[in-house]
*Asks:* 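Quick one: the structure is below, questions incoming.
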Amino acid sequence: MKHLFILLLICAVLMPTLPASTAQPPASDAPYIYYYSERLNAFVIERADGTDSRVFAEGFVHEEANSVAGAGWSPSGEWFGFTSIYGTAHGPRPLGGEVLHVTGQKRLTSIESFKADIQFMMWADDRDLLLISTMIPIEDSVMVDRNWYLVDASNDAIVSVLKRKSYYRVDMLEIEQVDEYFLIGDFVPEVGQRIYYRLDFNGEFTEIIRGQEWSDAAYGISPQGWTLYSTDEDQYYAINLTSGRQIQLEQVGDPQWSNYGAILYGDEDHIWYLDGDRGILKLLPSEFTTSTISYNRDSWSPDGRYFVLWDDTNRIYLFDAESQEIIDTGIVVDASTISFQDFYWDSDGRLFFYEFEDDDRVIVYDDGTISYLELPVHQMSVIAFSPDEQMLATVWDGPVIYSLDTRDTQYLLPHSGSFRSNLGGEPFWDDDGQWFLVGQESCVAGGCGGSPNWINVVSIDGSVNRELTYCGDRNACVNWLPERVDVSKLPQGQPESVLPEPPEPLLVVERGEWTDELYWSVDSNYIQLDSLYYGEPDPVIDLTTGELIAEGKEGLGIIQIPFSRTNEILARTDEWEFIGEYTSGEGYRYYVQDRENDTVLFEMEEGLVIEAAGSEANNLLAVKDAYNAHCIQLWDVDTGSLLTCVPVYASTIAFSPDGTKLAAGVSWEVWIWDVEDLVAGE
């Protein structure tokens, strides 16, 4: 005992003197996210604050892919499925697919023979059954060989196969899971009909119905398995694809399925309400016709009871599906706006929507009571409630958090996007309501790209704001890691910085709004900024002082107007033109052509260029395209080689007349680089 006491005493004395580096840092409580890193060609799983990083599926995305999609994590959390896609101007082209185990040490071998053609994946809701669609283009045809496979991931076995020809475009597919079935709708060109299939989990395919034409029958499949179809006699029916129940309809115009299988639809003079599950088919009162009433598919309340309508005076009504009555809310919004067409419900049945006026506000309708929330919204705003519904997120010049309890507003990312960027599209809250993912969309003067180009992961206290790459479908590209995934099984690995740092600019000028065009002065000493939306006097940057001259500058002289783009000629100098030539069915071809003799100097790979600029002084071409919007490519026209890719998203780009500088609108700033530094990679 004496020796044990002495040993404990020695440890007690020495322990405080141990190096501090041996102490373990407190564990982060940030939720886990997963995202695809193009730089690593791998998926990264880590906590939202960047700690505990793991690298998964490194090298499995096809090297030519510019986006990924897929089924994501299986219901058990043991498998992860994704596809590599090359997006072109005339549709997506599958490059390959993989299904990997969470440990990263094995993958499904049953799909080896066809995985290169995988176009689509979907997990069953409650078991590791995977529906896979492959697409093999037929040469000189708009059709493809489309094959459907039902794969049991747990046993690495193909359960069932259906093979046939189909139409090329992926958006012709309609897929829904109801109970123990996958319901599939697809257009078959050979017969000019849409065919609906039921695939049960034992692998049996059953053809349910054929619609007369795809345009008449492509109304989607509701979560309860209802769809619409027409016969050769132009008779319309609603049919439940699982039970086979049918209801004869009047002429169908624009049906809007709810989450509960009910729809509103109409012809030129009438609007009907159909609830297939309850067998209700109701004609709305004669004063409510499609010529006076508007509606959209996202207007159902969460419990499926209320549907929002508005008339041609912008008066808001609620259709009560339980009582079959129409309720006048008494709300009339500004008739000059259309932005109130987006409606949001909370679980208590309160209706939130906004009108875009000089005074931005959100209107709340609560069982006959009308109130207003004063917070910034605009025509592209999206409202997203936190899981406990005590806060809502929207966007103006950055994500905004609004507390419904305290009526406080907090700006998390000021000046981080364009008014037309739909910044964040929808902010995706984590389960605890303390973090969210918000995507930033590529936008130019002509419009937006339609999907985010990068993602910010943000804590609601504003202490963490990280920028991640975005690459396509949210299930496979970026999302919160489901709790069913055991993080301890994932392979260890510390990733590099996900987004490379852009070269240091010579000058960064804060503008406070989005820049749509840049006009250089002929002496390359001034830049005039143009914002197509705000309509304010165009300010000027004085490069000699770095100052922003708010009202312009007297005696500045002629501002060099950039080359006016046409549908085909995207950039021009005195010696060459950069041309984007579109051919129906083939997509875009991009090439540089000598203006004197029309000789093609070089061609670029197919993409979708959204802006380009040419430099006369050093024969450089700057390009940014929709599929790599977080990058400005610099091309040497003399050699036809890509010199560098500047890793920054720009709303507009322009070379100085002397060719020494490149300016870009970056978020709510203007960045100016030395061209020699960019080419040298400095």
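Because the structure is predicted, anything quoted here is derived from the model rather than measured. Side-chain atoms are counted along with the backbone in the values below, which use heavy atoms only and exclude waters and symmetry mates.
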*Asks:* Is it true that, when you exclude Glu483 itself, more than 12 heavy atoms of the residues, nucleotides or ligands shown sit nearer than 6.0 Å to its CD?
*Replies:* no
*Asks:* With a 4.5 Å cut-off on side-chain heavy atoms, are Val478 and Tyr34 touching?
*Replies:* no
*Asks:* Please check: side-chain N/O of Asn456 versus main-chain N/O of Val458, any donor-acceptor pairing under 3.5 Å?
*Replies:* no
*Asks:* Donor-acceptor check, side chain of Asp461 to backbone of Ser463, threshold 3.5 angstrom: yes or no?
*Replies:* yes
*Asks:* Consider only side-chain N and O atoms of Tyr32 and Asp52, and report whether a donor and an acceptor are under 3.5 Å apart.
*Replies:* yes
*Asks:* If we ignore hydrogens and angles and just use 3.5 Å, is the side chain of Arg54 paired with the main-chain N or O of Leu490 as donor and acceptor?
*Replies:* yes
*Asks:* Charged N to carboxylate O below 4.0 Å: is that the case for Arg127 and Glu180?
*Replies:* yes
*Asks:* Given 3.5 Å as the limit, does a donor-acceptor pair link the side chain of Asp430 with the main chain of Trp435, or not?
*Replies:* yes
*Asks:* Is the gap between the ring centers of Phe201 and Phe182 under 6.0 Å?
*Replies:* yes
*Asks:* Going by atom types alone, do Glu204 and Tyr181 pair a side-chain donor with an acceptor below 3.5 Å?
*Replies:* no
*Asks:* Could you tell me whether Asp200 and Arg198 make a salt bridge, using a distance below 4.0 angstrom between a side-chain N and a carboxylate O?
*Replies:* no
*Asks:* For Glu98, is there an ion pair with Lys115 - N to carboxylate O distance below 4.0 angstrom?
*Replies:* yes
*Asks:* Are the side chain of Asp128 and the backbone N or O of Ser76 linked by a donor-acceptor pair below 3.5 Å?
*Replies:* yes
*Asks:* Determine, for Glu78 against Lys489, whether the closest basic-nitrogen to carboxylate-oxygen distance falls under 4.0 angstrom.
*Replies:* yes
*Asks:* Side chains of Trp226 and Asp277: is there a donor and an acceptor less than 3.5 Å apart?
*Replies:* yes
*Asks:* Are any of the side-chain heavy atoms of Phe60 and Arg107 separated by less than 4.5 Å?
*Replies:* yes
*Asks:* Using a 3.5 Å distance criterion without hydrogens, assess whether the side chain of Asn41 forms a donor-acceptor pair with backbone atoms of Val61.
*Replies:* yes
*Asks:* Do any N or O atoms from the side chain of Gln224 and from the backbone of Ser222 form a donor-acceptor pair under 3.5 angstrom?
*Replies:* no
*Asks:* I want to check something: taking the side chain as every heavy atom from C-beta on, are Trp345 and Tyr306 in contact at a cut-off of under 4.5 Å?
*Replies:* yes
*Asks:* Taking the six-membered ring for Trp and the full ring for Phe, Tyr or His, determine whether the centres of Phe436 and Phe428 are under 6.0 Å apart.
*Replies:* no
*Asks:* How about Tyr36 and Val44: do any of their side-chain heavy atoms sit closer than 4.5 Å?
*Replies:* no
*Asks:* State, without any angle test, whether Glu389 and Ser347 hold a side-chain donor-acceptor pair at a distance under 3.5 Å.
*Replies:* yes
*Asks:* Can you confirm if the aromatic rings of Phe114 and Tyr149 lie within a centre distance of less than 6.0 Å?
*Replies:* yes
*Asks:* Check Ile632 against Ala650 and note the closest heavy-atom contact, atom names and distance.
*Replies:* CD1-CB, 3.8 Å
*Asks:* Considering only heavy atoms from C-beta outward, does the side chain of Met391 approach that of Trp429 to under 4.5 Å?
*Replies:* yes
*Asks:* Any idea which heavy atoms bring Ala476 and Phe82 closest together, and the distance?
*Replies:* CB-CB, 4.1 Å
*Asks:* Minimum heavy-atom separation for Ala238 to Leu274, with atom names?
*Replies:* CB-CD2, 3.6 Å
*Asks:* Do any N or O atoms from the side chain of Gln390 and from the backbone of Ser403 form a donor-acceptor pair under 3.5 angstrom?
*Replies:* no
*Asks:* Which atom names give the shortest non-hydrogen contact between Val161 and Phe205, and what distance separates them?
*Replies:* C-CE1, 4.0 Å
*Asks:* Could you walk me through whether Trp79 and Val102 satisfy the side-chain contact (heavy atoms from CB on, under 4.5 Å) test, starting with their C-alpha distance in whole Å, then the side-chain angles of each, then the deciding distance to 0.1 Å, before giving a yes or no?
*Replies:* CA-CA 6 Å; Trp79 299 92; Val102 64; over 6 Å; no
*Asks:* Over all heavy atoms of both residues, which pair between Leu40 and Glu58 is shortest? Give the atoms and the distance, please.
*Replies:* O-CG, 3.9 Å
*Asks:* Measuring centre to centre across the rings, with the benzene-like ring taken for any Trp, is Phe43 within less than 6.0 Å of Phe80?
*Replies:* yes
*Asks:* Do Met135 and Pro94 make a side-chain contact, defined as non-hydrogen atoms from C-beta onward lying under 4.5 Å apart?
*Replies:* yes
*Asks:* Between Tyr196 and Thr227, does any side-chain donor sit less than 3.5 Å from a side-chain acceptor?
*Replies:* yes
*Asks:* Between Trp123 and Gly72, which heavy-atom pair has the shortest distance, and what is it?
*Replies:* NE1-O, 3.0 Å
*Asks:* Any side-chain heavy atom of Ile111 within less than 4.5 Å of one from Val99?
*Replies:* yes
*Asks:* Between Val464 and Val457, is there a side-chain heavy-atom distance shorter than 4.5 Å?
*Replies:* no
*Asks:* In sequence, state the C-alpha distance, the side-chain angles, and the governing distance for Phe352 and Phe343, and then conclude on ring pair (Phe, Tyr, Trp, His ring centres under 6.0 Å).
*Replies:* CA-CA 6 Å; Phe352 293 71; Phe343 298 95; over 10 Å; no
